[in-house]
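Ligands are counted one by one from 1 in listed order, and the atoms in each one are counted from 1 as well. Numbers here simply count residues along the sequence, with the first being 1.
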Amino acid sequence: MMDDVWKEIAAGAAIGAVIYLAYAGLNVLPVVFLAALVYVLAQAGGLRGFSRRFATVKRGSLPGPTFQDVGGQSSAKKELMEALDFVKASHVAEKLGIRPLKGILLTGPPGTGKTMLAKAAANYTDSAFVAASGSEFIEVYAGVGAQRVRELFRTARDTARSMGRRGAVVFIDEIEVLGGRRGQNVGHLEYDQTINQLLVEMDGLSVNDDVRILVIGATNRADLLDPALTRPGRFDRVVRVEIPDKEARLQILKLHTKNKPLAKDVDLERVARGTFGFTGAHLESLANEAAILAMREGRLEIEQRHLEDAIEKVILGEKIERRPSEEELRRIAAHEAGHAVVSEVLDAGSVASIAISPRGGALGYVRNAPRDDRYIYPKEQLENEIAGLVAGALAEEIACGSRSTGAAEDFERAVHLARRIVLSGMSPLGVVDGQSLPAEVLARAVSQTISDQEKRAGEILAKYERVVTGVAEYLVKHERMDGETFGKFMRAGPRPATSLPETVAARLRNRGRSRRRFGAGTAPGRE
Ligand code: ADP
Ligand code: ZN
């Protein structure tokens, strides 16, 4: 920033000096000419340096990883390959009037294999591969970013031609840095020009180009992207890349120990179990660390304890959250199972998958089946959603005898929904004037709405206790359950509520009366 200011001051001073000299009757033309020459040379130098950088990064980097080298990520691989089949058959697709696929967005945490997948995509389509990172495009000087985007696409074409390939994959990592929402970086027209240039390049791509280009972007923050990027004809496909579950970790470990001598006592399954939350990159360095430990001891084979020690080392080095204890896992599993069962009972077919694995601050999640967008919400649906939300904490209480802080976000969301019910006139208060409604009245209505739903959720959980327990046990073992398996558990059926331990059933029935704290601590607001 300071640099910038000084450059402007210097430029201002120089222009001032030239004007002064001209005014004083001197011939200033040579000075102006010289200044222009220096400027042009500086620009050209900058560009040369840049194209060299792209070129050295990836020219001739084939053969790189293929899809077989990527462990886990089965749904990402499948989606990606399906999309790439269109690219491969683009001329057929064109005859059918299918819009050519120009861009694919890979979203997911760092180290999960997005770069690998992009390289595999290049291999799969027999394309050249050129990579850049979003941050390389952002500089203080207007126009540089846009120029770099042009340069990147040119490098891709040149590389493909020199390798005799018909296609090129342009991979842009951290695309949110260059593709963030326009107009949000005050005083930085630069961002806008850069992303505009990317849009221009992508809009100009055609199946008839002598080198067919596919742009693959990677980000962990798809929410920051300018909506123009995900419009049809640009990044049409979004492929989620996830933190691997146990099965996927085992696959990745096998891949990364393939070329390493393992002792007989090695149990990779056990290593996979002990590496909850590890990404592919973490597992790669685990395998490497284990080999180093073995070498230090003068062994010629990697033993189980080397792998175990390497787990610790990677956890410390990378600051990975420790795997939750068995007890914590049981709690998380029961919590998620509770959400899933109540949501499914109230809205059949709504659960797509359940997982206990870290994602965005949460330790587990239930993924809902995609539904049509809604613009208005019937009261019943809001209530069902509240019931599903509070079911997490209720299930914890049944399974572990107590609640935990893990449910704080659920409650926040439940309170938010309950307020919507009250403020849009759907509570027993009838139509209310949000502006003049006393805070305590609102708080009481919100709290009542939630405790009604807690009661409903409690009844469902009591009836389906066997399902909740079964699902939770399965999750502790496998970390993830797909919708189909969940359906089987649900169909296996609830057990009669009478066989519940009487204390639990009674506690749940009385729930409505004993809980009044929701919403009480929240300041009244308007929505
Ligand atoms: P990202 O682009 O998502 O940050 P990378 O593709 O750069 O992740 O992964 C970094 C390294 O981690 C890879 O070179 C590879 O060794 C390892 N890795 C990551 N994910 C996987 C995976 N799914 N299978 C095998 N190795 C992986
Ligand atoms: Zn929850």
Side-chain angles (χ1 to χ4, degrees), residues 61 64-77 80 105-122 129 131-134 171-175 216-221 239-245 247-259 272 275 278-289 314 318 331-343 354-356 359-368 385-397 403-414 457 472 475:
S61 64
T66 65
F67 283 118
Q68 269 107 52
D69 299 318
V70 181
Q73 306 301 358
S74 49
S75 69
K77 281 200 275 191
L80 195 53
L105 197 61
L106 303 175
T107 69
T112 46
K114 297 185 293 300
T115 310
M116 270 186 114
L117 285 168
K119 287 184 185 168
F129 181 80
S133 171
F171 177 65
I172 306 177
D173 204 2
E174 294 177 48
I175 194 168
I216 300 185
T219 181
N220 192 21
R221 295 298 311 273
V239 175
R240 283 193 68 109
V241 184
E242 316 235 13
I243 294 204
D245 60 12
E247 203 43 52
R249 294 199 298 272
L250 180 59
Q251 273 191 38
I252 297 173
L253 281 167
K254 282 183 181 157
L255 284 170
H256 286 290
T257 50
K258 209 167 47 186
N259 60 354
T275 46
F278 278 45
T279 62
H282 293 143
L283 294 168
E284 192 273 334
S285 68
L286 184 160
N288 196 49
E289 281 298 336
V314 174
E318 305 275 344
R331 181 184 282 283
I332 301 166
H335 179 108
E336 300 306 330
H339 281 314
V341 166
V342 171
S343 310
I354 317 166
I356 51 171
R359 178 158 101 177
L363 282 168
Y365 57 88
V366 173
R367 184 150 62 203
N368 288 318
E385 219 173 299
I386 296 175
L389 283 165
V390 297
L394 287 180
E396 274 186 56
E397 201 168 342
R403 298 181 169 203
S404 73
T405 53
E409 261 179 53
D410 296 338
F411 289 148
E412 246 170 64
R413 174 113 187 95
L475 282 174

Checklist entry - Who are the salt bridge (Lys or Arg N to Asp or Glu O under 4.0 Å) partners of E284, not counting sequence neighbours? => result none
Checklist outcome for this item: Residues passing the side chain to side chain donor-acceptor pair (under 3.5 Å) test with H282, sequence neighbours excluded, are T279
Item to check | Shortest non-hydrogen contact between A76 and V241, atoms and distance | outcome: CB-CG2, 4.4 Å
Checklist entry - Where do T112 and E242 come nearest, in terms of heavy atoms and distance? => result CG2-O, 3.7 Å
Checklist outcome for this item: For S74, the side chain to side chain donor-acceptor pair (under 3.5 Å) test, sequence neighbours excluded, returns none
Checklist outcome for this item: To the Zn ion (ligand 2), the closest N, O or S atom belonging to D410 is OD2
List ligand 1's nitrogen or oxygen atoms that come under 3.5 Å of a protein nitrogen or oxygen, with the partner atom and distance.
from     : atom 1 : to   : atom 2 : distance (Å)
ligand 1 : 2 (O)  : K114 : N      : 3.4
ligand 1 : 2 (O)  : T115 : N      : 2.8
ligand 1 : 2 (O)  : T115 : OG1    : 2.5
ligand 1 : 3 (O)  : G111 : N      : 3.4
ligand 1 : 3 (O)  : T112 : N      : 3.2
ligand 1 : 3 (O)  : G113 : N      : 3.1
ligand 1 : 3 (O)  : K114 : N      : 2.8
ligand 1 : 3 (O)  : K114 : NZ     : 2.9
ligand 1 : 4 (O)  : G111 : N      : 2.7
ligand 1 : 6 (O)  : T115 : N      : 3.2
ligand 1 : 6 (O)  : M116 : N      : 3.0
ligand 1 : 7 (O)  : T115 : OG1    : 3.4
ligand 1 : 8 (O)  : G113 : N      : 3.2
ligand 1 : 12 (O) : A281 : N      : 3.4
ligand 1 : 20 (N) : T112 : O      : 3.4
ligand 1 : 20 (N) : G113 : N      : 3.3
ligand 1 : 23 (N) : G71  : O      : 2.9
ligand 1 : 24 (N) : G71  : N      : 2.8
ligand 1 : 26 (N) : H256 : NE2    : 2.8

Next on the checklist: Using modelled atom types and a 3.5 Å cut-off, is there a donor and acceptor pairing between side-chain atoms of K77 and backbone atoms of V70?
Outcome noted: yes
